[in-house]
Amino acid sequence: MTQTSVVIAPLAIPATLDAADPAAADFIAAGRLLNDHMLELWGNSDFHDTPETQLAGCRPTPVRRRVLLAARDGDEILGLATLGLPLADNTHSAYVNVVVAPHARRTGLGSRLYAAAEQAAAAGGRTTLLGETEHPAQPEQHTGAIAPKSGTGTIPADAAAAFAAAAGFTLEQVERISLLNLVDASVGREALDDAAAAAGSDYELVFWRGPCPDQLVDSYAVLRQKMSTDAPMAGLDLEEEHWDAARIREDERKARDMDAEVLVSAVRHRPTGHLAGHTLLMVFNANPAVAFQDDTLVLREHRGHRLGMLLKTANLIRLGRELPQAARIWTWNAAENDYMLAINDQLGFEPVGYSGEWQKLRPAR
Ligand SMILES: CC(C)(COP(=O)(O)OP(=O)(O)OC[C@H]1O[C@@H](n2cnc3c(N)ncnc32)[C@H](O)[C@@H]1OP(=O)(O)O)[C@@H](O)C(=O)NCCC(=O)NCCS
């Protein structure tokens with residue numbers, strides 16, 4: 001059955017969330033749809049975002065623009081497609097996500113939203129479409145398990161996977177989604193001291209919360225740039241991102257606008273003065289029990305000195321001191337990323353689900 005009364009149209013990103021702003025109510029309703037979906041998926045509010053955070057996350061920046069498309073029946077928003085368009089690099093690509101309210105599924109709305117998103121991506125000159133599906137299930141529960149082209153891991157053949165395949169996407173890679181319960185974690189000074197001893201005196205830890213110190217920002221930009229391609233990427237059609245001091249500052253400004261705390265631990269290589277690696281934890285103040293592990297990188301020429309373990313234990317200890325309300329940490333790792341997964345396992349992270357990284361290549365016109 002097709003819902004013919006439903007119209008697919010762009011959704012404006014409002015200037016403010018004031019009721020007087022004509023775009024505010026629809027934006028808030030669309031954000032609620034996304035929050036409801038994450039609650040449905042994970043059975044908890046760990047991914048709940050406030051409308052303020054969602055708005056700050058959607059505003060255009062020099063490196064990324066977002067397009068929102070809504071499926072609307074009268075005043076009711078029944079579905080949403082979001083499109084992320086990189087602007088500073090990877091301008092051949094677009095990230096797409098589609099969510100339809102449970103009571104409106106299997107009526108073709110997802111397909112109509114996706115078609116509109118693909119059209120908007122094409123209008124922006126994008127030929128590579130990327131999407132992610134999440135599956136909170138252990139491998140033994142993966143009914144009709146689907147393996148990615150990378151060959152490692154599986155996801156279940158559920159609605160999200162069937163939808164992505166029906167839209168013409170290929171499963172390139174699987175990521176393991178893991179959770180560390182900090183209440184039970186026993187990461188402490190000893191693990192940090194062991195890793196520091198193994199790393200030796202050529203390396204020293206440096207920390208910042210919020211802005212990176214001016215004297216380190218160029219070196220930090222090198223790490224962020226390398227991070228964009230150094231983790232395993234299977235067959236995903238992505239190029240190295242361009243990072244410089246201005247992009248670091250822009251990223252920090254955005255985190256502030258989203259009311260997020262960012263804790264970075266880095267190691268400095270004393271003989272050269274350059275940073276050799278970093279790790280980053282993020283906590284949204286509106287949801288202080290939940291931390292997200294972002295980047296962890298050690299530059300190739302500095303690998304094999306236990307710096308990954310040193311960085312991670314140092315940042316976990318800092319998290320406990322600086323943001324003591326944080327009770328758990330979520331992280332995503334490529335299923336084939338044995339080194340990172342081994343460190344995470346030692347720290348006590350447990351697998352709680354898998355994500356599928358999908359890709360569709362459109363012929364350039
Ligand atoms: C995935 C989702 C967007 C599909 O929306 P929808 O409006 O139900 O999708 P459609 O009705 O347009 O279905 C299109 C095709 O997807 C596949 N599909 C969708 N739901 C399916 C299901 N539950 N089981 C099997 N196949 C399914 C089918 O091939 C379907 O074509 P068909 O109806 O002709 O068989 C919706 O289930 C949803 O919002 N899920 C949660 C969010 C999510 O996982 N999004 C995917 C990330 S992009």
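As the structure lists them, so they are numbered: ligands from 1, and atoms in each ligand from 1.
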Legend entry - For G110, the ligand 1 atoms whose distance to one of its heavy atoms is below 4.0 Å: 5 (O), 6 (P), 7 (O), 9 (O), 12 (O)
Inset, instruction - Within a distance under 4.0 Å of any heavy atom of E132, pick out the atoms of ligand 1 and give their elements. - result: 47 (C)
Inset, instruction - With atom 29 (O) of ligand 1 as the reference point, say which of A167, A166, S355, A81 has the nearest heavy atom. - result: A166
Inset, instruction - Using atom types as modelled and distance alone, determine if a side-chain donor or acceptor of N35 lies under 3.5 Å from a backbone N or O of D49. - result: yes
Legend entry - Closest protein heavy atom to atom 41 (C) of ligand 1, given as residue, atom name and distance to 0.1 Å: H37 CE1, 3.1 Å
Legend entry - Protein contact of atom 37 (O) of ligand 1 - nearest heavy atom, named by residue and atom, plus distance: R105 CD, 3.3 Å
Inset, instruction - Determine the interplanar angle of the W208 and Y220 rings, folded into 0 to 90°, and report it as parallel if under 30°, tilted if 30 to 60°, perpendicular if over 60°. - result: perpendicular
Legend entry - Option of least heavy-atom distance to atom 1 (C) of ligand 1 (set: F163, Y114, Y95): F163
Legend entry - Name of the residue among D345, L347, T331 meeting side-chain contact (heavy atoms from CB on, under 4.5 Å) with S178: T331
Legend entry - Flag: protein heavy atom within less than 4.0 Å of atom 12 (O) of ligand 1: yes
Legend entry - Of the listed options E134, E40, H135, R106, closest to atom 33 (O) of ligand 1 (non-hydrogen atoms): R106
Inset, instruction - Work out whether the distance between some heavy atom of G131 and some atom of ligand 1 is less than 4.0 Å. - result: no
Inset, instruction - Look at atom 48 (S) of ligand 1 and find which of L41, V98, L33 reaches it with the closest heavy atom. - result: V98
Legend entry - Greater than 12 external heavy atoms within 6.0 Å of Q119's CD: no
Inset, instruction - May I ask you to identify, for T107, whether its side chain, its backbone, both or neither come under 4.0 Å of ligand 1 on a heavy-atom basis? - result: backbone
Inset, instruction - Output, in order, the C-alpha distance, side-chain angles, deciding distance and verdict of side chain to side chain donor-acceptor pair (under 3.5 Å) for W332 and E134. - result: CA-CA 11 Å; W332 283 251; E134 290 192 323; 3.2 Å; yes
Inset, instruction - Give the atoms of ligand 1, by number and element, whose distance to some non-hydrogen atom of A162 is under 4.0 Å. - result: 17 (C), 25 (C), 26 (N), 27 (C)
Inset, instruction - Kindly check if the number of other-residue, nucleotide or ligand heavy atoms within 6.0 Å of OH (Y339) is above 12? - result: no
Inset, instruction - Please say whether more than 12 non-hydrogen atoms of neighbouring residues, nucleotides or ligands are located less than 6.0 Å from CD in E240. - result: yes
Legend entry - Within-cut-off N or O pair, S111 and ligand 1, under 3.5 Å: yes
Legend entry - Side chain, backbone, both or neither: A159 near ligand 1, heavy atoms under 4.0 Å: both
Legend entry - For atom 44 (O) of ligand 1, the protein heavy atom that lies nearest, with its residue and separation: A160 CB, 3.2 Å
Inset, instruction - If the plane angle is over 60° it's perpendicular, under 30° parallel, otherwise tilted; pick one for Y114 and F163. - result: perpendicular
Inset, instruction - Please say whether V99 places an N or O atom under 3.5 Å from an N or O atom belonging to ligand 1. - result: no
Legend entry - Contact (N/O only, under 3.5 Å) between V100 and ligand 1: yes
Inset, instruction - Under the side chain to side chain donor-acceptor pair (under 3.5 Å) rule, what do S219 and H274 come out as? Steps first, then yes or no, please. - result: CA-CA 6 Å; S219 193; H274 293 147; 5.6 Å; no
Inset, instruction - For K360 and T170, indicate whether the former's side chain and the latter's backbone hold a donor-acceptor pair under 3.5 Å. - result: no
Legend entry - Subset of ligand 1 atoms that lie under 4.0 Å from at least one heavy atom of G108: 10 (P), 11 (O), 12 (O)
Legend entry - Of D295, T296, D294, the residue whose pairing with H278 passes side-chain hydrogen bond (donor to acceptor under 3.5 Å, both in side chains): D295
